[in-house]
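Everything on this sheet refers to the single structure shown next.
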2 protein chains.
Amino acid sequence: MTNERRWADTSGLPPAPDATAKPVTLAHVARLAGVSENTVSRVIRDKGSIAPETRQRVNAAIEQLGYVPNRAAGSLASSSSLIIGVILPSLSNIVFPEVLRGINAGLSATPYRPMIGVTDYDLDIEHQLIASLLAWQPAAIITTGFDHTVGARRMLENSRVRVAELMDIDNAPIDLAVGLSHHEAGRAMAHHLVQRGYCNIAYVGHDWTADRRAHARYVGLCEGLAETGLSLVAECRTDQASSTLEGRKTLSNLLSGGVHIDAVAFSNDDMAVGGFMHCLAVNIAVPEELALIGFNGLEIGQVLPKPLTTVLSNRFAIGKTAVELLLAGVQRPDETVKIDTGFSIVEGATA
Amino acid sequence: MTNERRWADTSGLPPAPDATAKPVTLAHVARLAGVSENTVSRVIRDKGSIAPETRQRVNAAIEQLGYVPNRAAGSLASSSSLIIGVILPSLSNIVFPEVLRGINAGLSATPYRPMIGVTDYDLDIEHQLIASLLAWQPAAIITTGFDHTVGARRMLENSRVRVAELMDIDNAPIDLAVGLSHHEAGRAMAHHLVQRGYCNIAYVGHDWTADRRAHARYVGLCEGLAETGLSLVAECRTDQASSTLEGRKTLSNLLSGGVHIDAVAFSNDDMAVGGFMHCLAVNIAVPEELALIGFNGLEIGQVLPKPLTTVLSNRFAIGKTAVELLLAGVQRPDETVKIDTGFSIVEGATA
DNA sequence: CCGTGCAATCTCAGCGCTAACATAGCTTTC
DNA sequence: GAAAGCTATGTTAGCGCTGAGATTGCACGG
């Protein structure tokens with residue numbers, strides 16, 4: 001059963017002859033094909049058994065009339081829609097457009113469409129968005145992380161739509177989680193630095209209240225260091241969201257502390273790139289005087305005069321995998337599933 | 001009439017007590033409030049006149065039951081939905097997520113939700129997406145540019161949904177265009193370079209067949225130079241999509257031509273950043289030996305050791321403005337409208 | 001004191017589709 | 001060869017909401 005067959009594209013190129021006049025409905029197609037509406041519906045949805053000859057006649061009629069099914073009617077009748085609700089924390093950070101790109105890629109050969117909402121990292125907004133998306137009776141809701149308001153969690157649990165929680169797999173999902181262990185990623189950063197011979201390691205971070213995953217990496221980092229008998233020699237955290245500017249300022253802050261530091265682990269690449277710029281500005285040799293490691297594997301880090309050493313998170317794969325698994329089963333399975341899309345150290349030139 | 005009132009949020013925080021049992025419908029609310037369904041509907045949509053006392057009673061019932069309207073039913077009955085179809089050429093290029101961010105910002109206080117599709121710069125895919133989005137009877141369709149297949153254009157014209165064509169205003173829109181004159185932007189680049197004293201100006205570009213706006217800027221650039229009695233001394237264009245890598249390669253190509261060049265105008269910032277990297281690699285002093293100018297004003301350009309001189313396109317504003325204008329009038333106005341969101345030269349350190 | 005106009009509400013017929021069941025004509029099975 | 005089990009189709013009753021057109025009651029002018 002190929003995608004081509006499953007999602008037979010009924011809205012093909014021959015366009016509706018005149019959409020103003022009277023929208024073409026199933027009834028028109030049925031009349032022209034000489035069958036009942038229901039049969040047309042079954043042909044379109046590829047459901048039940050249909051005589052090849054009938055199918056062909058119906059498809060011809062669809063084509064001839066340029067019929068485009070009314071999704072609202074379909075949704076109402078079946079109390080479920082071909083909508084995938086997608087809730088993202090932000091669109092400013094390139095990470096989430098990439099997840100969205102993955103989601104879109106997974107959806108593009110299907111009749112499902114993503115309907116999106118952006119929370120700005122606010123759980124109350126997420127709650128409202130969930131309510132508002134649920135009003136469309138979507139096939140699935142995709143959101144990020146495991147933090148939700150009590151009400152939001154209940155709405156998701158009670159509704160029988162499928163739910164994917166992306167980015168993270170360090171907790172118990174409602175239905176499906178796709179992402180990576182940020183705790184493990186943090187540990188890996190520690191081990192990478194230690195292996196490279198750095199032992200005066202510091203941390204530069206951004207606001208954790210919104211970004212729980214950054215915190216998980218921090219914890220993993222500390223744990224990884226502890227495993228080799230080390231611990232952070234210094235750390236500095238801004239209470240702002242991450243950005244190159246904050247990274248630059250926060251590193252500057254950290255270094256003014258006077259502690260001897262030979263490597264800095266950043267909460268993410270934006271911060272690390274900012275840190276790199278600070279080094280450039282005050283003439284600190286990277287990595288000879290100070291090594292830097294980021295997290296995410298953004299393009300921007302790889303475009304620096306020295307490519308940033310970082311940890312690649314597979315954002316595109318997270319989105320795509322989530323969609324594929326969600327569409328594989330319409331029913332929510334009995335047990336929750338976690339999918340690890342992994343991460344990998346990008347050996348740049350800064351650590 | 002504030003937004004608060006207009007889009008009275010009926011899906012507030014008190015969540016549906018138990019979404020599994022039996023979804024709460026208008027009828028339930030109506031019974032509890034002791035009015036007809038239609039009155040509840042009118043309260044929710046703030047339509048027609050309602051006695052203050054009734055309104056209050058209905059709102060209380062809505063709250064008590066945690067009623068969330070079924071959008072599919074509403075769409076079917078009114079043959080129009082609270083969906084805004086958004087068609088973007090790409091999500092890889094940060095430019096379009098920023099437009100989407102603007103769209104989302106304009107929509108966030110309304111009950112409208114964006115439903116998205118990505119064309120990968122393919123007009124046939126755009127055509128299919130338009131058909132597929134039109135199946136939802138959206139309130140509006142937002143797409144980019146003026147290039148559409150004949151069929152797509154007809155579908156948009158015939159449907160009475162509002163249509164916004166973003167990014168460009170150099171052509172006649174179907175309904176509404178929001179963007180900037182890429183032709184003028186190209187001219188401005190020329191004048192900027194000339195004013196700075198450069199007179200051996202070359203062009204480095206990417207594929208025009210998908211990106212018509214890059215071509216418009218090129219034409220404007222040439223025209224701008226002509227106005228000062230100059231013309232391009234060299235040019236080099238890749239047949240690939242724009243990227244830092246292509247920018248780097250193409251500049252290298254250009255310079256191997258042997259022509260004396262003192263400034264290069266790039267088709268966009270991605271290409272320009274790549275060019276900058278080439279200069280760094282082969283030790284060309286920027287801007288002393290070679291000046292560089294890009295287009296878009298991306299963050300990445302501003303993070304370079306020397307901030308890139310470029311032309312800022314107001315992507316966020318384009319998206320936000322488009323949505324605001326679309327929602328201002330549900331009916332398509334008699335005459336088409338073009339909104340110029342303008343551009344501005346970012347005086348970096350590279351030209 | 002009756003007609004007129006308006007505010008506030010109700011009634012009712014769908015919107016276009018799908019689920020569930022019914023049916024008709026076959027082919028098996030024993 | 002009758003019961004049972006297909007396959008291919010038709011019939012019917014909504015899904016939950018909104019639009020259009022009643023209908024009611026009340027304030028007001030003449």
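Just so you know, these numbers use all the heavy atoms, side chains as well, and skip hydrogens, waters and symmetry mates. In what follows, every chain begins at residue 1, and chains take the letters A, B, ... in the order their sequences are listed. The structure displayed is predicted, hence computed values, not measured ones.
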Inset, instruction - State whether A/Thr39 places a side-chain N or O below 4.0 Å from either non-bridging phosphate oxygen (OP1 or OP2) of D/dG10. - result: yes

Inset, instruction - Please determine, for the side chain of A/Asn70, which listed nucleotide (D/dA8, C/dA19, C/dG16) has the closest atom? - result: C/dG16

Legend entry - Distance below 4.0 Å between A/Arg45 side-chain N/O and C/dA19 OP1 or OP2: yes

Inset, instruction - Would you classify A/Ile50 as touching base, sugar-phosphate or nothing, given that sugar-phosphate means primed atoms plus P, OP1 and OP2, and contacts are heavy atoms under 4.0 Å? - result: sugar-phosphate

Legend entry - First of A/Ser78 and B/Gly34 reached from the 5' end of DNA chain C, by closest nucleotide: B/Gly34

Inset, instruction - Report the distance from atom CZ of B/Arg71 to atom P of C/dC15, rounded to the nearest whole Å. - result: 22 Å

Legend entry - Rounded distance (Å) that lies between atom C1' of C/dA8 and atom CD of B/Gln56: 17 Å

Inset, instruction - Please tell me which of the listed nucleotides, C/dT11, C/dA19, D/dT18, lies nearest to the side chain of B/Ala77? - result: D/dT18

Inset, instruction - Indicate yes or no: does A/Asp46 engage A/Arg55 in a salt bridge with an N to O separation below 4.0 Å. - result: yes

Inset, instruction - Decide whether A/Thr143 and A/Glu126 meet the rule of one side-chain donor and one side-chain acceptor closer than 3.5 Å. - result: yes

Inset, instruction - Between B/Pro52 and A/Glu37, name the one whose nearest nucleotide on DNA chain C is closer to the 5' end. - result: B/Pro52

Inset, instruction - Establish, from distance only, whether the side-chain atoms of A/Ser41 and A/Arg45 form a donor-acceptor pair under 3.5 Å. - result: yes

Legend entry - Side-chain heavy-atom pair A/Ser80, A/Trp136 within 4.5 angstrom cut-off: no

Legend entry - A/Pro69 side-chain proximity, nearest of D/dT9, C/dC17, D/dC17: C/dC17

Legend entry - Between C1' of C/dA19 and CG of A/Leu76, the distance in whole Å: 13 Å

Inset, instruction - Counting heavy atoms from C-beta on, name the nucleotide in D/dA8, D/dG19, D/dT9 closest to the side chain of A/Arg42. - result: D/dT9

Legend entry - Proximity to the side chain of B/Ser49 - top-ranked nucleotide from D/dA8, C/dA7, D/dT18: C/dA7

Inset, instruction - Using atom CD1 of B/Ile44 as one end and atom C1' of D/dG16 as the other, report the distance to the nearest whole Å. - result: 11 Å

Legend entry - Separation of C/dG16 P from B/Gln137 CD (nearest whole Å): 8 Å

Inset, instruction - Describe the nucleic acid contact of A/Asn38 in one word from base, sugar-phosphate, nothing, applying a heavy-atom distance below 4.0 Å. - result: base

Inset, instruction - Would you mind reading off the distance between A/Trp136 atom CH2 and D/dC17 atom P, rounded to a whole angstrom? - result: 13 Å

Inset, instruction - May I ask you to verify if any side-chain N or O of B/Thr54 is less than 4.0 angstrom from the OP1 or OP2 atom of C/dA8? - result: no

Inset, instruction - Examine D/dT9: is either OP1 or OP2 under 4.0 Å from a nitrogen or oxygen in the side chain of A/Ser36? Give yes or no. - result: no

Inset, instruction - Please name all residues satisfying side-chain contact (heavy atoms from CB on, under 4.5 Å) with A/Asp147, sequence neighbours left out, ordered by chain then number. - result: A/Leu123, A/Arg212

Inset, instruction - Let me know the distance between CG of A/Leu82 and P of C/dC17, rounded to the nearest Å. - result: 13 Å

Legend entry - Sugar-phosphate only, base, or nothing, as touched by A/Ser79 at under 4.0 Å among non-hydrogen atoms: nothing

Legend entry - Rounded distance (Å) that lies between atom P of C/dA8 and atom CZ of B/Arg57: 14 Å

Inset, instruction - Look at A/Ser41 and C/dT18 and indicate whether a side-chain polar atom (N or O) is within less than 4.0 Å of OP1 or OP2. - result: yes

Inset, instruction - Counting heavy atoms from C-beta on, name the nucleotide in C/dC17, C/dA19, C/dA7 closest to the side chain of A/Lys47. - result: C/dA19

Inset, instruction - Quick one: list whatever passes salt bridge (charged side-chain N to carboxylate O under 4.0 Å, His left out) with A/Arg113, sequence neighbours left out. - result: none

